[in-house]
Protein chains: 2
Amino acid sequence: MPSPRLLLVEDDTSLAELLQYRFEAEGYDVVATPDGDEALLLANEQAPDLVILDWMVEGTSGIEICRRLRRDKETAHVPIVMLTARGNEDDRIRGLETGADDYVTKPFSPRELIARVGAVLRRVRPALAGEMLEVGDIKLDATSHRVTRRGQSLQLGPTEFRLLKFFMEHPGRVFSRGQLLDAVWGTGSDIELRTVDVHIRRLRKGITLDGSKDPVRTVRSAGYAFESV
Amino acid sequence: MPSPRLLLVEDDTSLAELLQYRFEAEGYDVVATPDGDEALLLANEQAPDLVILDWMVEGTSGIEICRRLRRDKETAHVPIVMLTARGNEDDRIRGLETGADDYVTKPFSPRELIARVGAVLRRVRPALAGEMLEVGDIKLDATSHRVTRRGQSLQLGPTEFRLLKFFMEHPGRVFSRGQLLDAVWGTGSDIELRTVDVHIRRLRKGITLDGSKDPVRTVRSAGYAFESV
DNA sequence: CGATCTTGTCATACGGTGGTAACAATAAAC
DNA sequence: GTTTATTGTTACCACCGTATGACAAGATCG
């Protein structure tokens, strides 16, 4: 299982160190910064799977960071957990309305924060939490790198596997070839758009067992989508 | 926009009534029950979009309901927001680990709960949070590139899809052929004005299922408008 | 180091889509 | 009612986007 990557934005150094230690013990990759502006840069560079954001940090305020993360297309979908001072309900509501996925009220125990982060990740990226993805009759177990359909095991190449996993994490949505390249090949990969077609073809071939319908939908002039048939 | 359906499981009658009232005012459909066992039945029958669950209810305990909802395939993916007594961290963590998506600590304000429910729904079901365009009986989901009318799925070519999307983003307004060319074909496209007519025709054909009225209104010597029939 | 798999690119075939013109139908003008 | 302007409808064919198989370079593994 790949370690989920966290971006921790917290200017209380001792708290930040404690959290970093605890999360790494739980198997996360942690990138930490005390500075709001740097956080925005890191969010773009590192493409974290989740951001833990203190309401009050140096540089740019937490809520402003939240807003900007949401506005930038690269980071718009990254889940955010906010740390807020105790009892300030207005702040909490404002945070949620700005696009935070969750908040935890200080003081909190690391254990609670870990549980919350786990819950959010489970909700947003089941594969990262070690769960099995299931769309229609296809099951994908990210942990063991296995794919089955109707109980039969399927054989896929590495790229096809990542492609399928990405699709199954976002069933029904249409992705352009460019988006798929970014998501599956990595941002900035200098690959021909048409190459996606070929891997779609290979994926289709790999998940077809006779009599089964094709879950990959071609959306002309837009891209591809994956859905239960 | 379709009203998200909530299942509210709460045995404090006055609180339940208050919440039901407030959520309905926010445009939700609310089904409420004070009883845990009945909640499980309702969850299956009603297929709610989200469950609000009190930790302590009559019949079966909240955490047990949570577990069973998760175990049943029909309801395994319905997001759950738990209401917990104040300060009991163990309970909260246990709730999250059992599969609740969120919890709110009593006492809370209805406004806060509403914000949280909204945040969870936005995450889990973007379509319910307004990513879907809806005019009259026609629904257009941009993310999945799907158009339905009265629940029936419609098949449109790419250009007709963009044309319909543009219309549905500005219902009721009249657009000249030139404006439509700019908006749908892109500024500076060197296309005959009359071509718009043909695509209007194709759009009309594509969204007509027998007995349905035509939402595209011709405004002679001005252009076209789209409106609910 | 050799054998096998994987992967990115290309060439080609195929089918859908789109723009245009030509003609029919309809609404406005007189 | 006749004329004229505007829109509706159909047919056509070029073109664009997608599917597919082949191939060579690279990666992986023994």
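In the text below, chain A, chain B and the rest are named by the order of the sequence lines, each starting its count at 1.
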Sub-4.5 Å side-chain heavy-atom contact between A:Ile63 and A:Arg67: yes
Pairs meeting criterion salt bridge (charged side-chain N to carboxylate O under 4.0 Å, His left out) with involvement of residues 199-215 of chain A, two or more places apart: A:Arg204-A:Asp214
d(CZ, B:Arg204; C1', D:dT9) in whole Å: 11 Å
Identified side chain to side chain contact (heavy atoms under 4.5 Å, CB included) partner of B:Val31 from the options B:Leu8, B:Leu7, B:Leu6, B:Val51: B:Leu7
Short side-chain N/O contact from A:Ser221 to OP1 or OP2 of D:dC16, under 4.0 Å: no
Nearest-angstrom distance from the residue atom CG of B:Leu180 to C1' of C:dG19: 16 Å
Check nucleotides 11-18 of chain C for protein N or O atoms closer than 3.5 Å to its own N or O atoms and list the pairs.
unit_1: C:dG15; atom_1: N2; unit_2: A:Arg220; atom_2: NH2; d: 3.3
unit_1: C:dG18; atom_1: OP1; unit_2: B:Thr159; atom_2: N; d: 2.9
unit_1: C:dG18; atom_1: OP1; unit_2: B:Thr159; atom_2: OG1; d: 2.1
unit_1: C:dG18; atom_1: OP2; unit_2: B:Glu160; atom_2: OE1; d: 3.4

Sequence-distant partners of B:Arg194, salt bridge (charged side-chain N to carboxylate O under 4.0 Å, His left out), two or more places apart: B:Asp197
Short side-chain N/O contact to D:dG8 OP1/OP2 from B:Tyr224, under 4.0 Å: yes
Bending between helix ends of the helix from C:dC1-D:dG30 to C:dC30-D:dG1 [5 pairs per end, 10° resolution]: 40°
A:Lys205 NZ to C:dT6 P, straight-line distance once rounded to whole Å: 13 Å
d(CG, A:Asp197; P, C:dT9) in whole Å: 12 Å
Closest non-hydrogen atom pair between A:Ala43 and A:Thr75, with its separation: O-CG2, 3.8 Å
Rounded distance (Å) that lies between atom P of C:dC5 and atom CD of A:Gln155: 9 Å
Protein-nucleotide distance (A:Glu192, atom CD; C:dG8, atom C1'), rounded to Å: 9 Å
Ring pair (Phe, Tyr, Trp, His ring centres under 6.0 Å) partners for B:His199, two or more places apart: B:Trp185
Gap between atoms CG and C1', on B:Asp190 and C:dT20 respectively (whole Å): 13 Å
Counterpart residues, side-chain contact (heavy atoms from CB on, under 4.5 Å), relative to B:Ser212 (two or more places apart): B:Arg149, B:Arg150, B:Thr208
Any pair counted as ring pair (Phe, Tyr, Trp, His ring centres under 6.0 Å), so long as it reaches residues 207-229 of chain B, sequence neighbours left out: B:Phe167-B:Phe226
Heavy-atom donor-acceptor pair, B:Arg194 side-chain to D:dG8 base, under 3.5 Å: yes
Salt bridge (charged side-chain N to carboxylate O under 4.0 Å, His left out) against A:Arg162, all qualifying residues, sequence neighbours excluded: none
Spacing of B:Leu203 atom CG relative to D:dT9 atom P, expressed in whole Å: 13 Å
Toward the 5' end of DNA chain D, by each residue's nearest nucleotide, A:Arg201 or A:Arg177: A:Arg177
Partner residues of B:Thr148 under the side-chain contact (heavy atoms from CB on, under 4.5 Å) criterion, sequence neighbours left out: B:Lys139, B:Ser153
Residue pairs involving residues 136-163 of chain B (criterion ring pair (Phe, Tyr, Trp, His ring centres under 6.0 Å); sequence neighbours excluded): B:His145-B:Phe161
Ring pair (Phe, Tyr, Trp, His ring centres under 6.0 Å) against A:Phe23, all qualifying residues, sequence neighbours excluded: A:Tyr28
Can you pull every protein N or O that's under 3.5 Å from an N or O on nucleotides 28-30 of chain D?
none

